[in-house]
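In what follows, every heavy atom counts, from backbone to side chain, and hydrogens, waters and symmetry copies are set aside.
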Amino acid sequence: MALTSASTLEFLTKKPYTPPSWASHLHPLPSHVFSLAHLPTPIHKWNLPNLPPNTHIYLKRDDLSGMQLSGNKVRKLEFLMADAVAQGADSIITIGGIQSNHCRATAVAAKYLNLDCYLILRTSKALVDQDPGLTGNLLVERLVGAHVQLISKEEYAKIGSVTLTEVLKERLIKEGRRPYVIPVGGSNSLGTWGYIEAVREIEQQIQSGTSNVKFDDIVVACGSGGTIAGLSLGSSLSTLKARVHAFSVCDDPDYFHDYIQGLLDGLNAGVSSRDIVHIQNAKGLGYAMNTSEELNFVREIAATTGVVLDPVYSGKAAYELVKDISENPKKWEGRKILFIHTGGLLGLFDKVDQIAPLVGKWHRMDVNESVPRQDGIGKMF
């Protein structure tokens with residue numbers, strides 16, 4: 001796939017896939033890919049405050065890969081949806097948390113391709129029997145007609161995501177449907193190709209750019225493993241050769257090293273995950289739970305740089321990165337870092353009550369009664 005912005009006529013089309021030359025030894029190779037994302041996503045300098053001398057951070061804006069389909073998940077879905085269509089599926093099943101960005105992206109992609117979508121969403125025991133509402137990702141999912149099924153966190157932990165999707169798959173097969181199951185976060189060996197391909201995109205952006213920057217490090221949040229599997233494998237095989245640092249927002253680093261190893265083995269990559277990616281814990285209070293310090297950091301970064309981070313993934317990863325840079329400045333001094341913004345803006349809407357006390361800067365405009373009237377364009381009333 002060449003580095004050209006998808007033309008209007010290529011969007012939502014299925015195309016034969018040719019892997020990068022440095023990844024052609026992997027097996028199995030995807031045969032086709034759907035054009036679902038707006039690529040390439042931009043890379044720009046990110047002027048974070050208080051960096052050590054000669055430390056430069058750049059931002060890869062995968063939050064700009066689309067609107068309804070924004071974020072890192074769409075890159076995986078380009079390959080997964082092509083496989084679903086090739087297998088003759090008429091419906092898609094996937095699973096995640098109540099504000100899952102992946103589930104929202106999957107629901108939209110499915111409807112684009114005229115497929116029904118079934119979402120199993122994890123919520124609290126107190127809310128599992130109630131209407132889940134229309135906040136954030138739920139609004140988009142329900143607008144595009146996804147079939148939402150709720151499961152409690154306790155049931156999810158006891159039964160597991162694989163069995164839950166299998167139960168729903170069997171039910172739909174009995175109804176005469178042809179469902180295709182996509183795992184949590186789209187993170188299987190096929191989905192990993194989304195970020196192997198993203199490495200080729202970064203490589204081409206560097207080669208075609210004027211600054212000729214060489215990244216020492218790539219930093220990204222880790223929630224299900226597929227993104228960092230593709231990034232770390234791609235970086236090690238390509239000319240990038242950047243060290244990949246992942247900040248896990250759920251589960252622990254050992255779990256992710258083992259899970260990613262399974263994804264790499266599924267591609268017959270012949271490498272150890274522990275050799276190609278460094279994983280640090282950024283879970284904090286727990287998945288999708290935030291301290292006031294984390295949310296205040298998201299606010300400060302938005303106010304100083306204009307970049308809005310999501311609270312669940314990139315917000316936590318950036319918070320821990322900045323903390324690590326502050327505590328270990330020598331480790332990062334002189335480094336050129338590429339931070340991957342994985343999207344998730346809609347998740348902020350679930351945090352408005354926590355964020356409200358942190359933002360201000362409003363007051364009623366004071367206008368003297370003697371000010372003469374002068375209409376602009378359109379009265380708006």
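- Side-chain contact check for E155 and S152: at least one donor-acceptor pair (N or O, by modelled atom type) lies under 3.5 Å.
- No hydrogens or angles considered: nothing links the side chains of W332 and D217 as a donor-acceptor pair under 3.5 Å.
- A donor and an acceptor atom, one from each side chain of N137 and N101, are located under 3.5 Å apart.
- From S224, atom OG reaches atom CG of N188 across 10.0 Å, with rounding to the nearest 0.5 Å.
- Judged by distance alone, the side chains of E293 and Y319 never bring a donor and an acceptor atom under 3.5 Å apart.
- The aromatic rings of Y17 and F79 stand perpendicular to each other, their planes meeting at an angle above 60°, with 30° marking the opposite boundary.
- In this structure, CG in L190 is found 5.0 Å from CG in L80, a value given to the nearest 0.5 Å.
- A salt bridge links E197 with R200: the distance from a Lys NZ or Arg NE/NH1/NH2 to an Asp or Glu carboxylate oxygen falls below 4.0 Å.
- Side chain of R299 to backbone of L358: a donor-acceptor contact under 3.5 angstrom is found.
- Salt-bridge formation is detected for the pair R274/D254: a Lys NZ or Arg NE/NH1/NH2 atom is positioned less than 4.0 Å from an Asp or Glu carboxylate oxygen.
- Counting only heavy atoms from C-beta outward, the side chains of I98 and L121 approach each other to under 4.5 Å.
- Contact annotation: the side chain of I228 approaches that of I279 to within less than 4.5 Å [non-hydrogen atoms, C-beta and beyond].
- Contact check for L295 versus P311: side-chain heavy atoms found under the 4.5 Å cut-off.
- Side chains of I151 and T123 form no contact here, defined as non-hydrogen atoms less than 4.5 Å apart.
- The side-chain heavy atoms of L267 and H27, taken from C-beta on, include no pair separated by under 4.5 Å.
- There is a side-chain donor-acceptor pair under 3.5 Å between R61 and H44.
- Side-chain atoms of K241 and S236 form no donor-acceptor pair, as typed in the model, at a separation below 3.5 Å.
- T227 and N72 share a donor-acceptor pair across their side chains, judged by distance under 3.5 Å alone.
- Environment of OH in Y287: crowded, with over 12 heavy atoms of neighbouring residues, nucleotides or ligands closer than 6.0 Å.
- By the 6.0 Å and 45° rule, K60 does not stack over the aromatic ring of Y195.
- Between the side chains of S314 and T342, at least one donor-acceptor pair of N or O atoms lies under 3.5 Å.
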